[in-house]
Asks: 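Take this structure first; my questions come after.
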Number of protein chains: 2
Amino acid sequence: MKHRNLILTLLLLPLTAMATEVKSPNGNIVLNFTVEEGRPTYTLLYKGRDVVRPSHLGLELAKDKHASMGMNERDLMDGFTLIDEKTSSFDETWQPVWGETKDIRNHYVEYVATLMQQWREGVRSNTPGIQLQPRLHRRQILIRFRVYDDGIGFRYEFPQQPDLNYFLIQEERSEFAMAGDHTAWWLPGDYDTQEQETQETRLSEIRGRMKEAVNWGNSSVAVFSPTGVQTSLQMKSQDGLYINIHEAACADYATMHLELVDAETEALTTELGGGSNAYTPNPKPSDYPLPAPFTFVSHLTPDATGLKGAMQTPCETPWRTVIVSDDARDMLSSNLILNLNEPCKLEDTSWIHPTKYCGVWWEMIVGKSSWNYTDEFPSIKLDNIDWHKVKPNGRHAANNEKVKRYIDFAAKNGLDQVLVEGWNVGWEDWANMWKRDVFDFVTPYPDFDIKMLNDYAHSKGVKLLMHHETSSSTQNYERHMEKAFQLMNKYGYDAVKTGYVGDIIPRGDHHYSQSMNNHYLYVVKEAAKHHIMVNAHEATRPTGLCRTYPNLVGNESARGTEYEAFGGSRPDHTCILPFTRLQGGPMDYTPGIFVTKLSEWSNNTSWARITIAGSLALYLTMYSPLQMAADLPENYEKFDDAFQFIRDVACDWDESIYLEAEPADYITVARKAKGTDNWFIGGKCDEKGHKSVIKLNFLEKGKKYDCTIYADAKDAHYDTNPQAYTITKRVVKAGDVLKLTEAPGGGFAISLIAK
Amino acid sequence: MKHRNLILTLLLLPLTAMATEVKSPNGNIVLNFTVEEGRPTYTLLYKGRDVVRPSHLGLELAKDKHASMGMNERDLMDGFTLIDEKTSSFDETWQPVWGETKDIRNHYVEYVATLMQQWREGVRSNTPGIQLQPRLHRRQILIRFRVYDDGIGFRYEFPQQPDLNYFLIQEERSEFAMAGDHTAWWLPGDYDTQEQETQETRLSEIRGRMKEAVNWGNSSVAVFSPTGVQTSLQMKSQDGLYINIHEAACADYATMHLELVDAETEALTTELGGGSNAYTPNPKPSDYPLPAPFTFVSHLTPDATGLKGAMQTPCETPWRTVIVSDDARDMLSSNLILNLNEPCKLEDTSWIHPTKYCGVWWEMIVGKSSWNYTDEFPSIKLDNIDWHKVKPNGRHAANNEKVKRYIDFAAKNGLDQVLVEGWNVGWEDWANMWKRDVFDFVTPYPDFDIKMLNDYAHSKGVKLLMHHETSSSTQNYERHMEKAFQLMNKYGYDAVKTGYVGDIIPRGDHHYSQSMNNHYLYVVKEAAKHHIMVNAHEATRPTGLCRTYPNLVGNESARGTEYEAFGGSRPDHTCILPFTRLQGGPMDYTPGIFVTKLSEWSNNTSWARITIAGSLALYLTMYSPLQMAADLPENYEKFDDAFQFIRDVACDWDESIYLEAEPADYITVARKAKGTDNWFIGGKCDEKGHKSVIKLNFLEKGKKYDCTIYADAKDAHYDTNPQAYTITKRVVKAGDVLKLTEAPGGGFAISLIAK
C-alpha cells in the first residue's frame, strides 16, 4: 500500500552554542535551533522572512507527594546542554483510506536535538524529618523537528531513564514568537467549548475583544485567560504571510491552547488547583521571564486538580505545528498535520467508507419536535420508568413513521445512511444536571422499533446511523459502550455519532484534558473492534489522528450548522473554518440548509446567512468523508433541481486543487471524485460576494465533460434573496474558462461528468 | 423466606413547636423531635439519660452555574415548618444469606416528619444582565427516624418536586451533641485511608492527639480537620453508657466523617474546591452558628471539585445511626445497621457461600517474595512487553510450584480456596505513579499457568480466589472488568479480592466520595451478574450493604493483619475493631499468624503482638463469612495441633452470644455453627490479659459435647512467649462452667462438638 523512499543522513555536528540551521527540502523553510543559556531556543524563517522569532521550549513539572517514590519534579525548562544532534531526510508517499487526495507525500528533513540536564540535589520526602542525601541527577530529553516545505512540526520526547520515569506536567511552555502584529482568526481559549464565533482582530486587539468574543450562555464555558486562544490559529502578517499554529497527533495528552503575551501581560496564567469557569486574575507568576510581546505560549487543558498531564516514559508530546506560506491556498492543501501522525494502525479498513446521510435532526434543533418522548416528569431515572405506560408528548421525532419517511427519502436520493437522534430513552433530562446515569444507549423509546426500522432501511439499501449522546457523562458511557456497540452490530449499524454536550462527569474534568482525550480515542479504538465508524461531536478538535484510526470519520469540534438555529453564524464563517478547524481533520458541519429562514416552517426566528448555491458549495469547500443533507426532505423536495447536486456530489477524492483562497473571504476548490474521471468544483464567499475565474486546465485533455453549474442568481443575497439560483448546463473541455459571480453570502457548485 | 408482622399506626399530631416524643418498642430509647426557629432538632435519651442533646439537622447546598436551569441552591438548613408527622411500628424477622445468627429481628417505631420550606426569590441566571422575577418556592423534605431498643437511625428524604429536582451538596450538617467528655476510640478523619491505629482519648483530647495519630507515610493520607474522626465511632460515657455513631446503607452518597466542635473550634471545615492532602487552616465560616462543644457534625467526603454529592430526587441520604446501651455486649450483637439496609436484591443467592481460605500472600507482605515478576525495567507499559522474554527476578511468589503447594495445603486441611496475589502482569510499577493503564486483569505472568492451576485445584476440591488490585485506577478497572469477570467464569473462580491502594485515578477524587462509593457498588452488582463474590480492600468502610448484596462477603477498610509486617498493631487492636469497623459488615482481617516474630523466617523485624491462642480466638471474635489462614503452610505445620482449631472452626452461624465485652479490653463470644449442634467459643484480650468465666448455659440441655480448649499457657505473653499454648480436651454439658486465663495479648478458642 505504501512505497518508501527513505534517505537517512546522520550528521554529528559540533556541539557549540552556535545555532544549527535546518532547511526544508526546497529550502523555503529554515529552522534554527540552539541552546541559549541552558534553554532550548528555535527560530523559523520562510523565504528569508521571520515567521517565529527566538522562542524557548520547555515544560514546568508539578510537585507531587510521590516525589520520594520516583516522581520527577524538576522543571524541564533550563539547565540544558546540547549533547547530540542528528539530521536526516525522509520522503514517502502514502495512501489514505479516505481523503482529499489519493496520494499524500510526506517529505521532510528531520532534526533531533538531544539535551542533557544534570544537577545535584536531595530528593523530597513526604515523611517528615527525612531528608535524603543529595545525589547526581542526569536527565535527557529529545526535541524532534520535522521541517517541511510548508512548515514545521516539533515535539518533545522523553526516553525512559532512572531520573525521568514518571512526571506530572504543570504546564508546557512552548513559545511561538510572532514577528509582528498579525491579523488573527481566533476563538477564545476555553477548556470546554469550541463553538464560539471566530474573531478577526490584530494580535494586539485580542485582549480588548475577549469578553465580547465569548457567548457566556453556552452549555459549558471555561475561558482561562484574557489573551488565551485556541488552535488551529490562522494568522496573516502585514506583508502577506499566512501562518497557522496547531498540533498533530494529540493522544493521551492535554489539548494545547495558546496564551498571547501582549503589552499588558504581567504573568502567564497557571492553574492553582481546580479549573475555573471563567478567567480570573490569579495567575501564579512563573519562575521564568516573560517572553516578548506577540509571543504565544502553550497552555494545556487541566484536569480536575489543575494539572496538565501524567506521563510515563518513554513518551512524547503531540507535535506542535507551524504551517506557513505566502499563498493562502497552501494553507488548505497542506498535509503537514496528517503526515506527522502515525500510519494507519487498523489492519482491515475495508469496512470504512465515506458516507452521505440525512437524518431526523434538524427539526429538533430548530425546535419543532423533541428528542424526548414525554414531558410527564420533572426528571427521570431510567430504571424506574415503564416507557410503555408514560404519556407521550406528541412531539417525539424519532418515531417509526417519520424515520421510515427519512429512509424512503435517503433511498430515493442515493444517500447512504439516516441519522436518528432521540431514539433512546433518557432525553427527558439529559443535560447540565450532573446526572451520571443519563442514558443506557440500548433502550429505544416505545415508538422506535429498532428491528423493524433497520430491516426496512436495509431492504432499501440504506443504513441507520447510530446516535450516542453521552451528555459528557463519560463514566456512564464507558460502562455501557460495549453493550451499545453489540446492539449496533446486531442491527447492522456501522457508524455512530457521539456527543459530549455539557460539563464533564467526573466533575471538575474538562473536555480537552488528557483524560478526556484518552477517552475519545478509547471510544474510537473500541469502535474499530466492532467495525464501527465514529463521528464525535463536542470532542476535542482533531489533530490528524484519523490517519492512524481512519474509522474516526468526523468530528464537530467547532460551530456547526446547528448554530443557524441558535441565532446564526456570520456569512464568512465557512470561509474561515477550512483554514482553522479543518486543519486537523474533517468536520461534520452538516451543510445543506435550503430553507434558510426557519420561520418559514417553524416558530424559530433564527436564519442561516447563506444562499442555496452557497450551501451546495460547502460540499466541496468543507472537506469531509461524511456529508449530511441536513434540511428536511420536504424542503429539499421544493428545490429538487438544486438538490440534484447533493445527489451527484462525491465525498471521497483522488485529487483536490485549491483554485482561490483568502481567509474569511472566499475559497474555491476543484476535486476529482475517487475512482472516476468526474470533477466537482465549489466556491464559497463571505458577505461581500466574489467573482471567480476558473481555468479548467486540470481536466483531462481531449475529454469532454457534461458541466452543470449551480450558481447564485443575479439578485441573490444571503438575507434578502437566498433561494435565487440558476442551473446551467453545457459541455466543457480542458482549457475552457468559467466565470462565476458569487452573491453576498453565496457561492456556486459545479459538476463535471466525463462523457 | 421472610415473615412479616407489620403494624401501621398513623397519627396526625398537632403541628406545634412542642417536641414530638417517640419511644422504642421497650421504651428504653426516647427520641424527641421538633422544629426550633425553623431548624429541625432532635434529642436522644437512653433509660432517661442524655445520649444526644439538642442537635440540628440539615444540608448546605452548593451554588452551581446550572442554577438557572433547575439546579436548586438554597440550603436545606433553616426556614422549615413541620407540616406533617407520621408514627408507625414495624416488626419483622428475616434470614440473612450468611451471618452471625440465623434470624434477625427488625423491630422499630418509625417517625417521619415532613418539613416545608417556603420563600420568594428570583432564580440566579448565568446570563449576565438577566434577573428573573421573584417567585414563590416551596420545598418539602422528610426526616425519617427509626427508633430501636438499641438505638436510632435517621435519614433525609427528598421527594421529587419542581423546586427540588437536582441539587449539589456542599455539606451535610447532621449534629450529634454528646452529653459529656466521653472516652472515644477514634481514627483520624481521612478521605483516603482507614488504616491508622485507633486512638483512645477523651473527646477534649482529640485535637491534641491528631497529629501523632496520623501515619503520614501511608500511601494515601487526606486528613481534613484537627478534630475530624471516622465512623463507626465507639464512645463510652463517664457514667458507663456505650454510644456508637455510624451510618447504614451508604450507596451513591459520600461517606460520612464526624467533625468535633470543641472549645477551640472557630468554624467548621468546608472544602473550597479540591480536596487537600492534610488539614489546612482555611475553613470557610459556615453561615450557621456553631453548635455547642462536644457536638459532632457530619462531614462528607468530597469529590475533586470539593463538592460532596450530586443528587436527583426522589432520593435519600444514608441512615445516620446511634447505637446505645449500658452493656457493651449490646454494641456487638446489635443488628441495627443491617436492619436499616434494604432486603436482599439478588434473586438467586445459592452461589454465595462462606469461605475459609489460605493464600500466596503473607510472604509477599513480609517482603520475602514479590508480586512482580521482573526487576528489569524502571517502569513498564503492558502493551510493550513480551513477558516470555523478560528476565525473572527469581522472587516471584505466584508461580506454578508454590501455588500447587498451597492448593495441596488447602485440600489437606479443608480450606475452600487459595488466594493468589501477583498472578497477573503489571506489578512492576503498580502504585503511586498516577499510572492509569496499570493492570489488564487477564494476562498471567509466564510462570502462572492459569488453566493448569485451576484444573489442579478443582481436582482436589479447592478453588482459586481471584485477585484484582486496581491500584485505585478505577477507570482502568471498569474498562477491563467485564473481560476479567468472564475470565473468572471461564476458569471457575467464584470470588475476587479487589484492592484500591494509592490515590484515586481520576486524579483529585477520594476513596470515600460519592463517585467512588458508586464504583464499589457497581463492581459488586456487576460481579453478581457473573455469580462472583467480592472482598474489597481499601474500599469505603461498610455500612451494611451486604444485606442487600450478600455477594459483598468482605471488606478490609481498616488496619488489617498486614500491618503486623509493617511495624505491628497494638495488642488491644482486635478488641476495638468489633466495636468500630465491624459495625457495618465483616472484615477480611486475615488472622491466624502463628509465627509472630517475622524475623524467624524473613528479614522483616516487625512482629505481631498476639499469642497463638489469641490468633485462634480471632476466628470467633472477628466475625466474617470469609476467614483466612494467613500464615505460611510451613508455619502451620509446626503447630499442627493448634491448627486443628482452624480446620474445625465454622464461618457461618445459627446463633451468636456475646458473653463478655469491653472496648479495647476483651471480647468473648460463643457461636453455634450453621446447621449443626456444634458451638465454638473465642475470647480475646488486650495487653493486660483477662480472666474469663464461661457458663455453658446456652448448650442444649441433656446433650454432651466434646470440648477442646486452646488456651494460653501459664507463661504465655504476646511478646516474650507467644507460642506457648495448651490444648485440653474434656466432655461438657449445659450448665458447666469453664474458667480460662488469657495471657497479655492472648486469648482462647474452644470447640464444642455435639456427641
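Keep in mind that the numbers below use all heavy atoms, side chains included, and drop hydrogens, waters and symmetry copies. All figures in this text were calculated on a predicted structure; none of them were measured in a lab. Naming convention: chains lettered A, B, ... in sequence-line order (proteins, then strands); numbering from 1 in each chain.
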Asks: Would you find a donor on one side and an acceptor on the other, under 3.5 Å apart, between the side chain of B:Q312 and the backbone of A:W434?
Replies: no
Asks: Where on A:P378 is there a heavy atom nearer than 4.5 Å to chain B: the side chain, the backbone, both, or neither?
Replies: both
Asks: Should A:R507 and B:S513 count as side-chain neighbours, where that means a heavy-atom distance under 4.5 Å?
Replies: no
Asks: Look up atom CE in B:M433 and atom CZ in A:F167, then write down how far apart they are to the nearest 0.5 Å.
Replies: 13.5 Å
Asks: Judged by atom type as modelled, is there a donor-acceptor pair below 3.5 Å linking the side chain of A:E482 to the main-chain atoms of B:R479?
Replies: no
Asks: Pick one of side chain, backbone, both or neither for A:D252, based on which atoms fall under 4.5 Å of a heavy atom in chain B.
Replies: side chain
Asks: Taking the side chain from B:K435 and the backbone from A:A310, do they hold a donor-acceptor pair closer than 3.5 Å?
Replies: no
Asks: Identify which part of A:E478 has an atom lying under 4.5 Å from any heavy atom of chain B, answering side chain, backbone, both or neither.
Replies: side chain
Asks: Looking at A:T313, A:D429, A:N215, which makes the most heavy-atom pairs under 4.5 Å with chain B?
Replies: A:D429
Asks: Would you say that B:K381 contacts A:P314 through its side chain, given a criterion of any heavy-atom pair below 4.5 Å between the two side chains?
Replies: yes
Asks: If we define contacts as heavy-atom pairs under 4.5 Å, which of A:N384, A:N518, A:I505 has the most with chain B?
Replies: A:N518
